[in-house]
J.: 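Can you keep this structure in mind? I'll have questions shortly.
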Amino acid sequence: MKLTDITQAEWTTYVGLLTIEQKDLIVGKQYAPDSFFNPIQDLYDNWVISIEEMEYCVNPDYVWVKDLPLIIYEPKPVNPFPPM
Amino acid sequence: MFLATHGVIRNNSGGGYTARTTAFATATAITDTTILGALNTFDLGLISNGLDTKMYAVYPFVGTTATTQKYNFMDILNYQITWSGGITHSSTGVLSNGVNGIGQTNFNPTTVGVSLNSWSFGLYSRTNSLTTSFDIGSTTGGSRSEIGLYNGGSYLASNNGGFNFTSALSRTDGFFINSRITGANFQFYRNGTLFQSISSLSSVVNNSNLQVISATGVGTPSNKEEAFAFFAQGLSGTEASTFYNLVQTLQTSLARNV
């Protein structure tokens with residue numbers, strides 16, 4: 001599954017799958033002016049980025065993110081009351 | 001005299017913008033006179049009501065890009081937002097994807113010198129959705145200062161202390177203010193009207209960078225579009241009402257009020 005295979009209504013369902021090396025390449029980098037990549041880990045500790053980062057990327061150094069394989073997003077459980 | 005002392009600068013059309021509006025226009029490169037006029041009216045209202053000196057940061061989220069929406073209207077050089085992850089910026093505000101889109105304000109209440117018992121913050125949400133969200137502030141840093149617009153049927157509200165659930169809510173859109181002016185309790189307002197006074201002792205000023213469209217430490221961003229956010233000294237009930245009127249006028253002028 002690729003970015004061109006999904007509709008905008010499906011953006012929240014999918015994320016782009018990164019290798020660890022790819023994650024290291026984009027951490028702290030801008031995908032668009034004043035917009036930074038924010039790779040996170042899903043439920044299975046895969047490194048992923050959002051469809052928005054892939055779709056909105058205009059940085060020529062990172063347009064390769066548009067070709068990342070897509071997986072269904074399964075988030076880690078959230079603890080709304082972390083230690084202060 | 002009023003205009004002179006508040007630095008009104010004549011614009012090209014012959015009107016006058018405040019110094020803050022002019023600085024914001026220069027930083028953002030926004031030339032839309034509807035936006036600038038609305039901000040100018042808002043600023044004049046802050047000044048005439050004595051609210052401008054209470055504001056640490058105001059984010060009007062105008063324009064349509066990450067760049068225009070990162071600026072603090074009160075001081076364009078400080079507390080600019082660092083956007084990361086999946087975010088949609090539009091003329092109606094800023095919306096996280098609810099996955100990893102966050103706005104780091106670089107505003108740390110301890111570093112700024114916020115007083116323990118004079119602290120307020122809030123947001124204008126354009127989304128009515130009864131789904132869990134953490135929408136502004138921080139849950140770490142020695143104490144919590146946050147607003148979660150929906151959590152199990154209530155608002156989640158904290159102010160330099162522990163967490164609190166409010167009484168049952170019905171809507172998550174509107175202008176929400178969380179304001180502490182005493183050590184024993186703080187007040188939670190929706191659209192300028194007191195929703196609940198919450199008995200909660202202040203403990204320590206939060207010592208972390210606060211977020212918008214999320215809350216530091218939680219890990220799950222908001223799913224509600226924000227059209228305004230702010231950090232300020234504590235606001236009284238009268239001030240909260242006045243502030244709401246100014247913000248609502250701003251949103252109405254921009255045709256994005258709820």
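Each chain gets a letter, A, B and so on, in the order its sequence line appears, and its residues count up from 1. Predicted, not measured: the structure shown is a model, and the values here were computed from it.
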J.: Below 4.5 Å from any heavy atom of chain B, which atoms of Tyr73(A) appear? Answer side chain, backbone, both or neither.
T.: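 Contact with chain B is through the side chain of Tyr73(A) alone.
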J.: Given side-chain contact (heavy atoms from CB on, under 4.5 Å), test Thr65(B) with Asp34(A) step by step and report yes or no.
T.: CA-CA 9 Å; Thr65(B) 70; Asp34(A) 290 309; over 6 Å; no
J.: If you draw a 6.0 Å radius around CD1 in Ile20(A), do more than 12 non-hydrogen atoms from other residues or ligands fall strictly inside?
T.: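 Check fails, neighbour count at 12 or below.
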J.: Testing the basics here: between Pro33(A) and Ala66(B), what is the closest heavy-atom pair and its distance to 0.1 Å?
T.: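 It is O-CB, 3.6 Å.
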J.: Given heavy-atom pairs under 4.5 angstrom as the criterion, report whether the side chain, backbone, both or neither of Pro75(A) touches chain B.
T.: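 Contact with chain B involves no heavy atom of Pro75(A) at all.
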J.: Do Asn100(B) and Glu53(A) get their side chains close enough for a donor-acceptor pair, meaning under 3.5 Å?
T.: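 Yes - a donor-acceptor pair under 3.5 Å links their side chains.
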J.: Could you check whether any side-chain N or O of Tyr31(A) sits under 3.5 Å from a backbone N or O of Ser84(B), counting only pairs where one atom can act as donor and the other as acceptor?
T.: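 No, the answer is negative, given that no donor and acceptor are paired below the 3.5 Å cut-off.
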J.: Name the member of Ile87(B), Ile102(B), Asn206(B) that forms the most heavy-atom pairs with chain A at distances under 4.5 Å.
T.: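 With the most close heavy-atom pairs to chain A, the winner is Ile87(B).
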J.: If you round to the nearest 0.5 Å, how far is CZ of Phe36(A) from OG1 of Thr82(B)?
T.: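 So the gap between those two atoms works out to 6.0 Å.
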